[in-house]
Structure formats: C-alpha cells, structure tokens
Amino acid sequence: MSRRIREHVPTRPTWRCRACGIAWPCSPAKLRLLGEYRHDRAALTVYLATLQVEAAAQLVALDPGVSPAQLADRFVSWARPRG
C-alpha cells in the first residue's frame with residue numbers, strides 16, 4: 001500500500017494548509033519556502049506579499065474582522081531577514 005504525501009499548500013478561500021489544516025503558511029510550508037528562496041529572500045518577500053493580497057480579499061469576505069496587521073505577520077514578517 002502506498003502512502004500519499006500531501007503538500008503543505010494553501011486551500012483557498014480559507015487559506016488553511018491542505019496537509020495539516022492550520023493557518024497557511026504552516027511551519028513545513030515556511031521551511032520549504034525558505035529553502036526554495038534561500039538565495040533570494042527579496043523574491044520570497046514579494047511572492048508572499050502577492051499571496052497576502054490575494055488572501056486578504058478572500059479572508060475578509062469570510063471574516064470581516066481580519067486585520068491587515070495580522071495578515072502581514074502571518075504572510076510576510078516571518079520571512080524577513082534577521083539582523
């Protein structure tokens with residue numbers, strides 16, 4: 001019997017992880033993204049900001065209480081270089 005590996009990708013419009021069900025990007029997704037963009041952190045930030053805009057439009061429709069600051073922390077702040 002083969003076991004299917006589920007990717008840690010967002011499910012729209014809820015923006016929950018398809019594999020683990022928590023708010024995306026989950027920890028495994030963050031690790032994968034950091035690895036993929038290890039040589040271009042600026043590109044990662046632009047990519048995440050683009051997803052944040054898409055998510056904001058969808059999440060506000062589901063929950064008008066979602067704040068831009070919460071989404072910035074969730075989508076972009078973790079990916080900024082430290083130091």
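Numbering starts at 1 and runs along the sequence shown.
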Closest heavy-atom pair and its distance - [X], [Y]:
X     : Y     : answer
Cys17 : Trp24 : N-CB, 4.0 Å
Leu71 : Leu59 : CD2-CD1, 3.8 Å
His8  : Cys20 : ND1-SG, 3.8 Å

Interatomic spacing from CG in Asp73 to CD in Gln52 - rounded to 0.5 Å | 9.0 Å

Applying salt bridge (charged side-chain N to carboxylate O under 4.0 Å, His left out), run through Arg12 and Glu54 and close with a yes or a no.
-> CA-CA 10 Å; Arg12 292 163 174 91; Glu54 181 184 346; 2.6 Å; yes

Indicate the ring-plane relationship of Tyr37 and Tyr47, choosing parallel, tilted or perpendicular according to the 30° and 60° boundaries.
-> parallel

Check: [X] side chain, [Y] main-chain N or O, donor-acceptor pair, under 3.5 Å:
X     : Y     : answer
Arg41 : Ala79 : yes
Arg74 : Pro25 : no
Arg6  : Arg18 : yes

When clusters are formed by joining ILVMFWY residues with side-chain heavy atoms under 4.5 Å apart, either directly or through shared neighbours, do Val9 and Leu48 land in the same one?
-> no

Under the side-chain contact (heavy atoms from CB on, under 4.5 Å) criterion, do Leu33 and Trp78 qualify, and how do the steps go?
-> CA-CA 11 Å; Leu33 288 165; Trp78 65 269; 4.2 Å; yes

Contacts of type salt bridge (Lys or Arg N to Asp or Glu O under 4.0 Å), residue Arg80, not counting sequence neighbours | none

